[in-house]
Every structure is written in C-alpha cells, then in structure tokens.
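Quick note: numbers below take in every heavy atom, side chains included, and nothing from hydrogens, waters or symmetry partners. Since the model is a prediction, treat every value here as computed from it, not as a measurement. Below, chain A is the first sequence line, B the second, and so on; all start at residue 1.
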Amino acid sequence: MQSMPKDYKFAEIEQKWQSKWEEMKLYHYDWNDIVREPFSIDTPPPYPSGELHMGNVLNWTYFDIVARFKRMQGYNVLFPQGWDCHGLGIEIQVEKANNIRKRDMPTDQFRNMCMVLVEKYIAMMKEGLLKLGSSIDWTTEYRTMDPNYWRCTQLSFIQLYQKGYMYQGTHPVNWCPRDETAIADAEVDHVKKDGNLHYIKFPLVNSDECFLIATSRPEFIPACVAVKVNPNDERYGKYVGRKILVPLVNREVPVIADETVDMNFGTGAVQICTYGDKDDVKTVIKHKLPIIQLISENGKITKAGGKYADLYLNQARVAVVTDLTEAGLLEKTEKIQHEVGVCERCKTTVEILERKQWFMKTMELSEVVEKNAVEISWYPDYMKNRLIDWAKSLDWDWVISRQRLFATPIPVWYCKSCGEIIVAKLEWVPIDPKLEAPRIDGCPKCGCSDFSGEQDVMDTWMDSSITCAVHAGWPDRSDWKRLFPASIHPSGTDIIRTWAYYLMVRHLALFGERPFNSVLINGMVLGDGGRKMSKSLKNYVAAPEALAKNGADAIRQWAAGGGATGSDIPYRIQDVEYGKRFLNKFWNAFVFANQLLEDYVPKAALSVELQLLDKWILSKTENLTKKVTESFEKCQFNIAVEDIRNFTWHIVCDYYLEAIKDRLYRPEIHGNESRLAAQYTLYRVLYRLLQLFAPVAPHLTEEIYQYMYLDSNGYKSIHVSEWPKYDSSIVSAEIEKQGDLIIAVLGEIRNDKAQNKLSLNTPIKNVLVYAGDVETAAVITKGASDIASTLKIENLKIVPDKITQGIQVPSTEVYIQTEY
RNA sequence: GGACCGUUAGUCUAGUUGGCUAGGACGUCGCCUUCACACGGCGAAGAUCACCGGUUCAAAUCCGGUACGGUCCACCA
C-alpha cells in the first residue's frame, strides 16, 4: 500500500489512465480464448458529423458501463468501434465547402473529398470517446467506407439477391424537375405557398349525380386513378365501389374507402393522382392502384396527359382550369395556404416520379420480426412496442437504392443489348460497377459484351445494418457464430425504427437468426428548458468542453445517473457538479483510510472478533452489492449510481468512518484487537465500493486501486478484477437492526448537541440512556464505546428503565438525557 | 392527425411485480472552522405525487377518462 496525495487532479489522472490502458491492451477482446464466455456489444457506428456531442456521451457511457461490468464479471467482452461514414450530410457539406456540384465531377474524385472530411470528423469524435474513458477495443476499428466494409455490404447484397430477397421494381421518389435528379426527403424543404383550392364536379357513372372534389392541383386530373372517401362519411359511404368519370379525359375510376380521409376538409372526397403528393403514394400502394406517369423528368406533361402533353405543369394548370370552367364543371375556387416541398438547393417545387429502384423484401418478415422482438430483452421493456408497431405499420418494402454518390455501390450491371441483370459474383467484391466492368466474357443471355454499371448506390442503412455479423467476424472468421447474436444492441429512441429494425430484417433474411439478444435504449439528451439540444436553440453544450472542464468521471455520473434508462435526460450542470463533489468525497475517504491503514496487512480472514458496527456495515455493504449488481444487470444505471453514492457518502462516511475513528486513533483505550477489526472492515468495505463504482468512474477508481489494492490483490487493474459475489452469510437482518439503533441513538445525541449550538467536538459530561427493556439495553451497551467516543461523552450510562422524558429516539422506547 | 412516453416541493429528478412515515440533487434558511473532505458536517422549511372517476383492506404505483407537455412519424387533398 502506497500513501496517497491529498488532492485528486482529475485532468492529469484521467489522461494518464487513458493512455496506460491502451498500452496495457486492457480492453482487447481475446479472439483465442475459448474458455471464457463472450459478451458482445453491437456498438452502433456513429455518423461522423464533427465533434462528439452530449448524446454520444450519454450512449457511450451506457455502453462502457455495460462493458466494464461484464468484463469484471469474467466475460470476454467485445466492445468494437466503427464509423458509419456514408451519407447525404457529408455530400452536402463537401459541396458547400468546395462550392462544387457532385454531379459535375468524376464520382471517385468526389468520393475522395468526402473521405477526407469524414476522416477529419472521425479524428474529432475518436478523441472525444477516448477522453470519456470508453473501454473500446480499438483494434476492431472500421469504417463503412473502407473497401473491406464495402465487401461485407456488397457480399450481403449478393447473398440476399441469391436468396430472393432483393428485387428491382419501381417506386416513387422526390424529383427536382430543374436539376433532373432524385432527391432525398432530407433534401426537401417545406415552404408555405399561396394556392387555390378548386371545387370540381366529377360525375358518377350511370347516374345524374356528381361528386364534388376539392383539389389544389387540377393539372393532375389526367392522372387521376381513384377517388377516395371516408367509409364513415354519410354523404359518400354508399358510393364506395361505384365508378366515377374523370372529367376532361373521360376515364372511369373507382370510388375507394379510406379511413384516413378527413371528412371536414374540402368536400370529403379526394382525387388520387399519380402522383400529386405523398399521400397519393401511400394510397396507391395501399390500394394497389394503377400508375399513370403524367410528368416527365424535366417537369413537362407526358403523352399520358393527352391534349395537355408537352405543357409545363403550371401551363397545364391554367389550361385545365379553363377547360373545366368552359365545361361548367368548376363549382368554385378558394384561396388557401398550403405547404409544398421544394428542392433545398434550387427552390423548385419537388414532384414525385416513379423510378426504377432496388428493394429488399422486408414486409414478409414482419411477423418474424415481431416474434423476435417479443422474445428478446428490452431495457426498458416498453420500448419493444416501438419496433413492433413500426414493423406492423409498414406499407411497402425497403427501398435500398439511392441516387447519390458517397455510398456503397450496388454491385450490378445491365446488358446494354438485352437488359439482363448481371449481379457480381461473391469473389468480385468490393467492386464499383461505375468504374469497372463485370468480370465475364459476355452476357450469359445474349452474349453481348457491352454493359452499363448500376449508377444507384445503397441506402446508408445497408452499411450499418449488418454490424452484428461484421462485429462477430463474418464473413472471414469461421467461428463468427460464437459472437452472434450480439449480447446487446444499444439503440436510441429515435432510431429503433431504422437501426434496430433494419438489423433485425437484414440478419433474419441473411442467416435465419436474430442479430441480438437484448436492446438497450437511451433517450435523447435535452438542453436547458427540457427541449432537444441543438445549436439553433442556443442550448447546445459542447461535449469536449464539458469533458475538459469537469472530467470524464463526473460527466459519466451525469450520464448514468441523470435519469432512468430510456428516458430523455436534460444536461444539467448541477448534476455534473454533484458528481465532481462526490468524486472529491470518495477520494478523501480513501486518503483518510489510507493513513489509518498504513500499518495494516490485508488478510482474507480475521482472527479477532468484529464489533457490532463492523458487522453492521459489512452486512449493509453486502446488500448494496446485491442491489447494485441487479441494477447493472437490468441496465438501471441511475439506480446503481444513486445507491453507491448515498451509501458511500451518508452511511460509510457520515457514520461508520466517524464511529471508528477513536478505535483507530486510540488502541490504548479500545484495544489492539478492536483496532484491527476496524481496519479489516474498513479495508474490505472500501474495496467493495471501489469495485462497484469502477464501471461508472473508471479513472478515479483505478487510481485509488493502484495505490491501495494492487499489491495485495494481484489484478493489474481494477477493471479486470473479479466482480464481487453476494455472500448471504455476511448478511444479518438482526445485526443491521441493532446497528441501526446505535446509529439512531448517535444521531439523536448529535442532534441534541447541534440544537444546543455546540460543536460536535464539545465534550458531554453525562449521558443517560433509558433503553426501555433489557434486550435493547444490551444492544446499546454493545455500541456504547462507539457512541461515547464519537460524541466525546465522558460518562455514558445505559439502563433498561422505561421512562417518557428526555429525547426520544424515533420509533423506539429509547430515551436520552444529556448533561453538558 | 397517429404511435409512444411523461406530469411527484421554487427547480430537476428517483420511486420495475400496489404496503411510502414519498428518496435524492440544486436552491433557500439556521447552526457547527470537527484531528479525510467547508468541493465538509448537522439540522429546518418546502409535495393534498396534474385533474376526475373506478378496482382494493391498502394506489404516486393498477384500470378508464380529461387536461397539459415531450419524442418520433405523418401532414391536408
């Protein structure tokens, strides 16, 4: 045991251990160990977006506590780290930063520019994760933009294609008619625009009656494929199933029932056109309606528009309204304000076009997704509904193709002569079909040797939804199933329906097995005022600054203890400061103990008799161990943190440490055996606290461990020490009750001193304790010397008499009289 | 509009199978320089656990409804 410095300097100590742990390779997963049971964490690779943010801090604190706890429990823990690099965000930033357009330059050149930016962001985030003290195995680090990861993603695409899960079809996409390109939802801005709501008569077939339909886009009438009404609507319910005649083009379309129709808006009857808006998309897919491609890629009406062909949409609108008016079908026109989607870059109104897309058959897996979601453990449990509800609510299969550049290419070519689809062979990947031809002599169907590579790329979720298999070592390690399914998949409330869902369907389709056995959910980090933290709301807290200012161990306490797992938690500086103060208290308790234990030689068993309060604190410590272990098992970090802190601060420090001071300082009065018993107990209890707190505050606990416990314990780090097992033989309800009584008596006399405005060091001449009965008197007598020495009582007398005067110890028959 | 979650002292928050005299933190007030720690100790005030109804011997906890707030999704023909 070495003596400890008085002050805890978190900045230098945290830094020191972060580098030492790396040197020690302390957190490396042992791929060759086939004895220890593995525990794998499916660390979600974050999107490198710049500096680490408080949301990342919350997540990685959760992951790290789990990793450290499981490691101490003896598991061979795999805590991998990857980076989910591809995405629109990076593309847009690169375009802005360099003032370029991605489609104006070679794709690989643009991709390289993206990679440079991603690397910069990764370095920033990695720095943050290291500063947080995450026990990541950095030898596992990967990037989804690396060729080897492309290989995994493409390999899984090919295998899914072979299994029949991947298919080509058409699907509506957002389309900018000016740029003539598909754009993502995220690239669409919504603006309020003034428009007209036209009330148009649609005659019912074989009837004199007319439906009045309100629409803001009459130019889409030629693409009308149905009219939908709410079946509960008294006006129209009876017409469901009948035919209606579309004006101007005189085509018959069905009247369909759809509960989503708002009976109070417009006329309650809606024309469904392909495609006037996103609602049309949903309705068409839901009711399996035909598609009329009315708009071409440059925003002109196609020949499907009949006499309106070749007009631009706004020209067509004028023409259609004129024609309707002449035909007497336009009842009235109202001014309205409505929201329209516009292209983020050029502000052109976005249209919806039907385009060729790649799909994964996910709908047919919904039932098995639900079954697995029910079978696995969720922390907290109610979060499973989010996945189940999502799987049930899906209207169409997963569109996995994107019209972007910085992404994993779809390894497919098309024969220029016959259109045959050539999917890459397993051994060809990684490959970019935009840059390389298929490695075959000719088209297997027509023999032609001219191919065009697929221009579309994969959705970013195609990269990140195979992590469970990749982390486990698939496809290269033959023993990858040892680590699959992952023990735990961490997810945020906001990404359950994407990340957790796609992982589920993807692995189920690929391997017929679920990817993880449990899900740990984190909430969102809120800023001041309980709103989502964001720079625009000015409640943003930069994680690197917070870490530098307060230290990782304090920030981690906020993250772990700031709220229940799964609930949103605000970043509160008071919580962090409380964490800091606790670290100080914790450190000081050990500094103090370190002095008192200077001459103590650690022993496994003790030959001398323990005193009542020794047994009392040991029993309570054992109960704490049980409770904290259970809390960690259930990922209830906040409960564990609170229990550890309250017990340490308010039971061990405030009472036990105070009570044994005299035994330790003055063996000539209390005897050497009593001193030894206190030392033994103190050493044991503090070590237990150190271990329980280690997953939460890894730096502080490690530093103390190295001073006080390294020599006698043998583990090179507290983080690989064996997690304590609950020992019921040490627990005694009777002893705890007796000890609690001593503490209560102590507290009352201490209170009495305070009320007399005396310092706690002021000696008391006489204290008379009326115990109420013989048994209670015997118990208090056992703690008499602790009471007397703690409170500096010169003459303490305990009698079994029952009285009703003096200070009553609450909920007992014990009365106390003091004389100063 | 839909789904899910929440509503506990001035503020934030815990309370997981109903037994609570509702726990903790910040803040406020009073006292104590006490030999680890004033980043400390002792103590006080402060909550009809959103509202209404139900189940029960017993409800902050379970059920139904209302109001308000949050998150995600959708968003008007």
Compare the minimum distances between each of [options] and the side chain of [X], then state the nucleotide with the smallest one.
| X | options | answer |
| --- | --- | --- |
| D654(A) | C42(B), U13(B), C37(B) | C42(B) |
| D494(A) | A77(B), C72(B), G40(B) | C72(B) |
| N638(A) | A14(B), G40(B), G24(B) | A14(B) |
| N751(A) | C37(B), C35(B), G43(B) | G43(B) |
| N584(A) | C39(B), G43(B), A14(B) | C39(B) |

Legend entry - Euclidean distance for P, G65(B) against A9(B) (whole angstrom):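 So the two P atoms sit 25 Å from each other.
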
Under 3.5 Å, sequence neighbours excluded: what are the donor-acceptor pairs made by side chains of residues 590-600 of chain A?
{"residue": "N594(A)", "atom": "OD1", "partner": "M4(A)", "partner atom": "N", "Å": "3.2"}
{"residue": "N594(A)", "atom": "ND2", "partner": "Q2(A)", "partner atom": "O", "Å": "3.0"}
{"residue": "D599(A)", "atom": "OD1", "partner": "Q679(A)", "partner atom": "NE2", "Å": "2.9"}
{"residue": "D599(A)", "atom": "OD2", "partner": "R675(A)", "partner atom": "NH1", "Å": "2.8"}

Inset, instruction - Using a strict 4.0 Å threshold on nitrogen-to-oxygen distance, state whether K228(A) and D279(A) make a salt bridge. - result: yes

Inset, instruction - In plain terms, say whether E668(A) and R666(A) are close enough for a salt bridge, that is, a side-chain N and a carboxylate O under 4.0 Å apart. - result: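 R666(A) and E668(A): not salt-bridged.
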
Legend entry - Ring-ring centroid check F582(A) F693(A), cutoff 6.0 Å: yes

Legend entry - Aromatic centroids of W649(A) and Y578(A) separated by under 6.0 Å: yes

Inset, instruction - Go through the structure and list residues passing side chain to side chain donor-acceptor pair (under 3.5 Å) with D381(A), not counting sequence neighbours. - result: K384(A)

Legend entry - Side-chain-base donor-acceptor pair under 3.5 Å for K580(A) and C39(B): no

Taking N or O atoms only and anything under 3.5 Å, show me the protein contacts with nucleotides 3-11 of chain B, one pair per line.
{"residue": "A3(B)", "atom": "O2'", "partner": "D389(A)", "partner atom": "OD2", "Å": "3.1"}

Inset, instruction - Would you sketch RNA chain B in dot-bracket for me? Only Watson-Crick or G-U wobble pairs with both distances under 3.5 Å count, crossing pairs as [ ], other-strand pairs as |, the rest as dots. - result: (((((((..((((.....[...)))).(((((.......))))).....(((((..]....))))))))))))....

Give me, pair by pair, the N or O atoms of the protein and of nucleotides 28-33 of chain B that are less than 3.5 Å apart, along with how far apart they are.
none

Legend entry - Contacts of type salt bridge (Lys or Arg N to Asp or Glu O under 4.0 Å), residue K6(A), not counting sequence neighbours: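 K6(A): no salt bridge (Lys or Arg N to Asp or Glu O under 4.0 Å) contacts found.
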
Mind checking [X] for me? I need base, sugar-phosphate or nothing, with any heavy atom below 4.0 Å counting as a touch.
| X | value |
| --- | --- |
| K392(A) | nothing |
| K6(A) | sugar-phosphate |
| A593(A) | nothing |
| V591(A) | nothing |
| L657(A) | base |
| Q636(A) | base |

Inset, instruction - Decide side-chain contact (heavy atoms from CB on, under 4.5 Å) for W558(A) and I569(A); before the verdict, give the C-alpha distance in whole Å, the side-chain angles of both, and the deciding distance to 0.1 Å. - result: CA-CA 9 Å; W558(A) 157 76; I569(A) 70 167; 3.8 Å; yes

